[in-house]
Amino acid sequence: MGYTVAEKIIKAHLIDGSLVQGSEIAIKIDQTLTQDATGTMAYLQFESMGLDRVQTEVSVSYVDHNTLQEDWKNMDDHRYLQSVAARYGIWFSRPGNGICHQVHLERFGLPGKTLLGSDSHTPTGGGLGMLAIGAGGLDVAVAMGGGAFHLVMPHIVGVKLTGKLQGATSAKDIILELLRRETVKGGVGNIYEYFGEGVSSLSVTQRATICNMGAELGATTSLFPSDEKTRAFLEMRGRGSQWVPLQADSDAHFSRIIEIHLDTLKPMIAQPHSPDNVVPVESIAGIPVDQVVIGSCTNSSLEDLAAVAAIVKGKVIDPRVSAGITPGSRTTLLAAEKAGILGELIRAGFRILESACGPCIGMGFAPKSGGVSVRSFNRNFEGRSGTADAKVYLSSPETAAAAALTGKITDPSQFIIERPNLDTYLLEGIALAGDAMLIPPLALEEAKKVVIERGPNIKPCPSPVPIADTVSLPVLLKTGDNISTDDIMPAGAKVLPLRSNIPEISKFVFTRLDPDFWKRAQEAGACIIVGGSNYGQGSSREHAALAPMYLGVKAVLVKSFARIHKANLINYGILPLIFVNPEDYTTIDQQDILEFTNLYNILDRGESTFEIFNTSKKQYIKVKLDVDERSRHILRAGGLVPYTRGGGK
Ligand code: MIC
Ligand code: SF4
């Protein structure tokens, strides 16, 4: 039997296990990326490993999240990251160079390679036929140290694309349609691999948009084959010699096949407050819009900006609408200037923001109270924009541009969108931008002389206190389904600067659900959280495990977990438990006391199913610790760091 593209890459990187779906595997990581909001902790962990240099082919540290610099904190982080990169042989992408996933695609991504990134949208690299996976910072630190990445061998789901995109539809509509069908939890345990005649008509940046937002499916990753389009993309960037072809074998087996007809696909839009709340744009046309933002790691390429410019050309955006753009990278910005696109956008009334994450993570440009914002982004969780009661819609740049022009949600199909070949401008942008904002690694002897700069914002990472053998834990919080890491550990302009300071940031844990959670947790000393399904969806931020750990959260009992968050809980010694009978969820109330006995026996012997006792209700509840042997040992040791110190691999 033949192999899918994903299987070929995994097979070539397999260190442990086999390609049997659902089994534990370990793979070698060729490249890593970090961004500043997760990077500081990742590098603090890497430093504690005592190595002289990263062991990967390429490791890159990007600064794109914390760029507001309201005070010294952001800059303290930047300086730490820059000096740590110089010390350990890591590329450093300076603030302003662009959004990590866009720059990585343009500058480092390669077909057939593995990439582990401390950001959930790392799968953007799948647009180049790369196996690019998002993970917590600690897992990335281990990979930088040459350690394997451990995961459950995913199911490979084939997405067959037929036909060709028409008129105003674009790549974003493909992934929105997939989210409509699969939902935000439908992708857990899957890799989505695209194939079929529709693939060849999509550019690498369009493919990257699709793979990027595959993160919202909860998928391990998404990827495309590597073909002539991939070769052309790399050639333009002077990396043509590193191209390799990659296609699924004709007798490759997919667990399931989903078909999307591009010819008949309509412009789609995700309504508040979930990326899978998707409907055709035409079905909600007319809703008044207050804000439009184009950008983020999903849709900030030259092609995207060109499509927006084509719609607003010669016109001015509606006076009710405040509109902004975050170009994906300096290269994009310079190419857009050369192509006359930037001038057109400024003239039409768009405000040009930095080449950074910006409004996507609530770093400025928040909508008005109760406002409607249409964004070409990937996440619309409640409050993420910085305005608690804003209503954020996610769409293609084309749909967002149409809304900017008309002041209401508008199907862009009524606009004729010229899509000229932009290669000449792109080449000019690439030449102009060069590598000026990318600092290469130093030679080892030079690197050893570097002194790492640690401003007062850089606080050491706290160590976990292992769970006791027998313990009674109060249910400090009971949540519903689809709790995102933005709910657990909010981001935004106020909280993000504290990412390097766990004691301070822990005061914001669950603030959106209960502002006093951190105080109650400290009083309780040790506690458990109870939740619904898809708990911990969204970002890779390990702070959503690390800060609760600091506050004494010992276990989380839910109906199901999102992949990255579950791994982060294990890494920080928090028991990830699921209900054997999901209906037991209703029997537990906040403040109930749940009693665990003989936990060490359970962890050592590998009993996955066991009973805990709800002393408040005098009821036994069957729970499952659905983890592999290595994770059990990590939990027994109290987390990945103590496990590794004890000699664990
Ligand atoms: C996000 O989009 O939520 C982030 C901010 O990029 C996160 C990473 C983080 O929280 O630092 C992600 O997607 O992993
Ligand atoms: Fe940045 Fe937004 Fe992309 Fe996260 S989703 S990496 S915040 S642009």
Side-chain angles (χ1 to χ4, degrees), residues 33-42 61-68 74 77 81 93 95 98-105 116-125 132-137 139-140 175 208-209 211-216 218 221 275 293-301 304 324-329 332 353-365 375-381 383-386 392 394 484-493 495-500 505 508 536-547 562-565 567-568:
L33 74 76
T34 57
Q35 38 88 343
D36 50 327
T38 55
T40 46
M41 278 299 144
S61 171
Y62 294 92
V63 177
D64 55 358
H65 282 62
N66 269 318
T67 56
L68 277 184
N74 291 172
D77 287 0
L81 292 169
S93 175
I99 305 174
C100 56
H101 307 302
Q102 285 306 313
V103 179
H104 205 86
L105 189 80
L116 195 71
S118 63
D119 191 282
S120 62
H121 290 103
T122 303
T124 313
I133 302 179
D139 282 332
V140 176
I175 186 63
T209 293
C211 293
N212 172 286
M213 206 174 170
E216 273 51 71
T221 190
V293 206
I294 313 284
S296 89
C297 54
T298 319
N299 277 121
S300 55
S301 66
D304 292 331
I325 292 201
T326 57
S329 67
T332 302
L353 310 175
E354 239 192 318
S355 286
C357 299
C360 177
I361 193 59
M363 297 297 270
F365 217 72
R375 302 173 155 210
S376 73
F377 300 175
N378 49 35
R379 287 188 175 141
N380 58 348
F381 303 138
R384 181 175 160 106
S385 66
V392 175
L394 306 170
S484 72
T485 51
D486 281 88
D487 295 317
I488 305 170
M489 183 74 263
V495 188
L496 267 182
L498 303 171
R499 282 289 181 91
S500 318
I505 207 171
F508 293 88
Q537 69 159 330
S539 92
S540 69
R541 65 190 70 145
E542 62 190 343
H543 299 72
L546 189 46
R563 174 186 66 88
I564 308 179
H565 186 59
N568 285 335

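Residue indices begin at 1 and follow the sequence shown. Both counts, for ligands and for their atoms, begin at 1 and track the order of listing. Values below: every heavy atom of this structure, side chains too, minus hydrogens, waters and symmetry copies.
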TODO: May I ask you to check whether Cys297 brings an N, O or S atom to under 2.8 Å from atom 3 (Fe) of ligand 2?
DONE: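 Given the 2.8 Å cut-off, Cys297 counts as a ligand of atom 3 (Fe) of ligand 2.
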Given 3.5 Å as the limit, does a donor-acceptor pair link the side chain of [X] with the main chain of [Y], or not?
{"X": "Thr485", "Y": "Ser539", "value": "yes"}
{"X": "Asp486", "Y": "Arg384", "value": "no"}
{"X": "Arg541", "Y": "Thr38", "value": "no"}
{"X": "Gln102", "Y": "Leu105", "value": "no"}
{"X": "Asp304", "Y": "Ser300", "value": "yes"}
{"X": "Ser540", "Y": "Gly136", "value": "no"}
{"X": "Asp36", "Y": "His65", "value": "yes"}
{"X": "Asp77", "Y": "Asn74", "value": "no"}
{"X": "Thr122", "Y": "Ala132", "value": "no"}
{"X": "Asp64", "Y": "Ala356", "value": "no"}

What residue and heavy atom of the protein are closest to [atom], and at what distance?
{"atom": "atom 2 (O) of ligand 1", "value": "Arg384 NH2, 2.8 Å"}
{"atom": "atom 2 (Fe) of ligand 2", "value": "Cys360 SG, 2.3 Å"}
{"atom": "atom 7 (C) of ligand 1", "value": "Ser539 CB, 3.2 Å"}
{"atom": "atom 13 (O) of ligand 1", "value": "Ser120 OG, 2.5 Å"}
{"atom": "atom 1 (Fe) of ligand 2", "value": "Cys357 SG, 2.3 Å"}
{"atom": "atom 10 (O) of ligand 1", "value": "Arg541 NE, 2.6 Å"}
{"atom": "atom 4 (Fe) of ligand 2", "value": "His65 NE2, 3.9 Å"}
{"atom": "atom 6 (O) of ligand 1", "value": "Asp119 OD2, 2.7 Å"}
{"atom": "atom 8 (C) of ligand 1", "value": "Gln35 NE2, 3.1 Å"}

Open item on the list: Distance under 4.0 Å to a non-hydrogen atom of Asn378: what atoms of ligand 2 satisfy this?
Closed with: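 Within the 4.0 Å cut-off of Asn378, ligand 2 contributes 5 (S).
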Open item on the list: Give the atom numbers and elements of ligand 2 that come within less than 4.0 Å of a heavy atom of His101.
Closed with: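 Ligand 2 atoms under the 4.0 Å threshold to His101: 6 (S).
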Which bit of [X] gets closer than 4.0 Å to ligand 2, counting heavy atoms only: side chain, backbone, both or neither?
{"X": "Arg379", "result": "neither"}
{"X": "Thr298", "result": "neither"}
{"X": "Gln35", "result": "neither"}
{"X": "Asp64", "result": "neither"}

Atoms of ligand 1 less than 4.0 Å from [X] heavy atoms?
{"X": "Thr38", "value": "9 (C), 11 (O)"}
{"X": "Ala37", "value": "11 (O)"}
{"X": "Ser540", "value": "12 (C), 14 (O)"}
{"X": "His65", "value": "4 (C), 5 (C), 6 (O)"}
{"X": "Ile361", "value": "3 (O), 5 (C)"}

Open item on the list: Under 4.0 Å, heavy-atom basis, I'd like to know which part of Arg379 is in contact with ligand 1: side chain, backbone, both or neither.
Closed with: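 The side chain, only.
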Task: Option whose closest heavy atom lies nearest to atom 6 (S) of ligand 2, chosen from Asp119, Thr38, Asn212 - done: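 That would be Asp119.
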Task: Interatomic spacing from OG1 in Thr332 to CD1 in Ile325 - rounded to 0.5 Å - done: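 Reported to 0.5 Å precision, the distance equals 11.5 Å.
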Open item on the list: If I take atom OG from residue Ser118 and atom CG from residue Asp139, how far apart are they, to the nearest 0.5 angstrom?
Closed with: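 Reported value, rounded in 0.5 Å steps: 10.5 Å.
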Task: Test of proximity, Asp486 against ligand 1: N or O pairs below 3.5 Å - done: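 By distance alone, the answer is no.
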- [ ] Could you go through the side-chain hydrogen bond (donor to acceptor under 3.5 Å, both in side chains) check for His101 and Tyr62 one step at a time?
- [x] CA-CA 9 Å; His101 307 302; Tyr62 294 92; over 6 Å; no
